[in-house]
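This report concerns only the one structure given below.
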Amino acid sequence: MPSLLSLSKIHKAMNLASLYLSSPINQLAPEPVEFAALTRLVSCKSIAQLKQIHASIIKTKPPQTQEQKQLLYAKLILHCSDDDAGYASSVLARLDSSDVFVYNETIRKFARSQGSCFMALVAFKVMLENGVVPDRYTLPFVLKACAEMREVGVGRVVHGFVVKCGMVVNLYVKNTLMRLYAVCGGVGDVQKVFDGSPERDLVSWTTLIQGCVKSGLAKEGIDAFFEMGEENLRADEKLMVVVLSGCARLGDLQLARRMYRYVCENRLNVDVFVGNALVDMYMKCGDLDFAWKVFNDMDEKNVVTWNAMIAGLAQLGEFKEALSVFRRMQKLGLRPDDITLVGVLNSCANSGALELGKWVNAFIDKNGILADGYIGNALVDMYAKCGSIDEALRVFASMKYKDVYSYTSLIVGLAAHGQAEKALQVFAEMPKKVIKPDEVTFVGVLTACSHAGLLQEGQKHFEDMSDVYNLSPLPEHYGCMVDILGRSGLIDEAEEFIQKMPIEPDAFVWGALLGACSIHGRVVQGKWVLEKLIEIEPGKDGAYILMSNIYSSASRWKDALKLRKSMKDQKLKKAPGCSSIELDGTVHEFRKGDKSHPKFQQIHAMLDNITFQLKNVEHAANSCELL
DNA sequence: CTAGGGTTAG
């Protein structure tokens, strides 16, 4: 108990309380106080009204007994809204009750809403100072307040207190304690509490699994679920939702189907939560048809249902489809929330739907939504990917809270627009704002260096990755370096660089080297690299095409033809090419081999025309080369 | 007077 009193946070709160105690409004409460119009408090709506009643009670009929006084104070506190923390704490400080129930009610009230959780801790402190011993009801409220505030520090002290009074065995206490650690990201601690006492129920399992899933250990969470089954416990809807979201993260379709069977076999009610979790799970596991089936079968849908569909489609690369779902949602008059907008912007970004993206931007402005955080980042990315780099810069500049995502979106965007110098400038801003770049940021930085041919600068950033930022370079970073070296003509150095890689080079790394061979006409080396690439990813066509270009540029037509023939013989699956363009607000999507566009004929006639004219130019260019 | 649920960007 004493350790709690030393908490600086609570001390700060008490200082706040004493500050309010000396403010004029509180001098309205002189002793002895009065008690009469308590009934009027029940209908009291505002803090002003409350204080008025308080004052009139004091003036007319003060409470006669200690009990009446305490009752008055307790009622006053319970009638305070979240913003009245100052007033509440001043009354609280005079609440000299020894009744646990009075404190429990007070703490419960404060812990119930976000804005007043701090007051719950203050009330707890007053309780302890008044020598009142917390019971099994008090602690869940206090722990809940800590969890809401993400105050693990205070939570740990309360935990110590819980252990001291042997309260861990109470399931409610134990489960709220687990929840505290779960929301604060400490799976290890959740597990410890879980293992700490033998009694556990569905809530304990739900919290444990939630803790795993939320901290990226979905596999462990699912394992725990099966372990639970061995104890002959059956999941309910709330637990199922958590398990389904874990499966969604794993992206394992087989597991997903197994979980769906579990839902059916156990006759779980597919309410809007379970339905949403199912839709999300099937989307993330790639079973679009079944996701649609669940979606259509749901009789109650909400914005989350639509969001799951939109975000899921965007993630599957079905951007056009995602946007059409958004339009359907709008036709039904459903209001999108910020998560909808992020999904829509993501789809715009990846399908080039600048007009719709601008519309979303206007929607955001019109509705007074702050273009910050997630939304701001999605806007920056959308503008950058749709070619409006200046708009991306504008949104970025207007953002108040910038994080690593904001910077990365812009840096990657600038690099893609050939503005390497600007990209590096923006990158240089990050340390000043104390924002730590991550792996993706460095992909942007290194691409910028590669496009601008900045060999030394690229090398320096690459070294900084591990030396300064403690990041382990991924294959794509090595790929960028190979690209930088290759473009500078240092092909042997690039090859040596690959040999020295501490991780296994992947197709992108070898691909970058092959690209370099192609630029510099290295036929022999190219052939060798091609063999490497075939080893790693047989059946892909990209490397063959690159190599056949190398042969062609070296005028080794026979070799080029041989290679093309071997591609045909192997029936190589071609990477599905896809591109899209927006015209008057409609996105037109083109896929390799897809003839479904209404103007397919005309488009191809035009393409033939362009190809024909290009051939003439090419011919001229090639002739020049021969001279 | 007590605890556990779904969707989010580079």
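Letters go in sequence order (proteins before strands), and every chain restarts at 1.
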Please determine if a side-chain N or O atom of [X] lies less than 4.0 Å away from the OP1 or OP2 oxygen of [N].
X        : N      : value
A:Lys284 : B:dT8  : yes
A:Arg179 : B:dG4  : yes
A:Asn346 : B:dG10 : yes

[options]: which one has an atom nearest the side-chain heavy atoms of [X]?
X        : options              : value
A:Val412 : B:dG5, B:dG10, B:dT8 : B:dG10
A:Glu105 : B:dT7, B:dG5, B:dC1  : B:dC1
A:Lys238 : B:dG10, B:dG5, B:dT8 : B:dG5
A:Leu239 : B:dT7, B:dG4, B:dG5  : B:dG4
A:Asp135 : B:dC1, B:dG4, B:dG5  : B:dC1
A:Arg108 : B:dC1, B:dT8, B:dT7  : B:dC1

Nearest whole angstrom, please: distance from the [atom2] of [N] to the [atom1] of [X].
X        : N      : atom1 : atom2 : answer
A:Met178 : B:dG5  : CE    : P     : 12 Å
A:Phe141 : B:dA3  : CZ    : P     : 6 Å
A:Tyr374 : B:dT8  : OH    : P     : 9 Å
A:Gln315 : B:dG10 : CD    : P     : 9 Å
A:Ile411 : B:dA9  : CD1   : C1'   : 15 Å
A:Lys402 : B:dG10 : NZ    : C1'   : 16 Å
A:Asn175 : B:dA3  : CG    : P     : 11 Å
A:Lys174 : B:dA3  : NZ    : P     : 17 Å

A:Tyr282 backbone acceptor or donor facing A:Asp287 side chain under 3.5 Å: no
Does any N or O in the side chain of A:Ser116 come within less than 3.5 Å of the main-chain N or O of A:Phe110, such that one atom is a donor and the other an acceptor? yes
Evaluate whether the aromatic ring of A:Tyr172 and the six-membered ring of the B:dT2 base sit under 5.5 Å apart, centre to centre, with an inclination under 30°. yes
Does A:Tyr405 lie flat on the base of B:dA9, that is, centres under 5.5 Å apart and planes under 30° off? yes
Can you name the one residue among A:Phe462, A:Tyr407, A:Tyr478, A:Tyr469 that meets ring-ring contact (aromatic ring centres under 6.0 Å, His included) with A:Phe442? A:Tyr469
Answer with yes or no whether [X] presents, from its side chain, a donor or acceptor under 3.5 Å of a partner atom in the base of [N].
X        : N      : result
A:Asp271 : B:dG5  : yes
A:Asp438 : B:dG10 : yes
A:Ser409 : B:dG10 : no
A:Thr408 : B:dG10 : yes

Looking for any heavy atom pair under 4.0 Å, which part of the strands does [X] touch: base, sugar-phosphate only, or nothing?
X        : value
A:Lys301 : nothing
A:Val272 : base
A:Val440 : base
A:Asp403 : base
A:Thr441 : base
A:Ile310 : nothing
A:Asp201 : base
A:Asn104 : base
A:Val404 : base
A:Val279 : nothing

Distance-only side-chain donor-acceptor flag, A:Asn307 / A:Asp337, under 3.5 Å: yes
A cation-pi test, strictly: NZ or CZ of [X] under 6.0 Å from the centre of the six-membered ring of [Y] and no more than 45 degrees from its axis. Yes or no?
X        : Y        : result
A:Lys301 : A:Phe295 : yes
A:Lys422 : A:Phe427 : no
A:Lys402 : A:Phe396 : yes

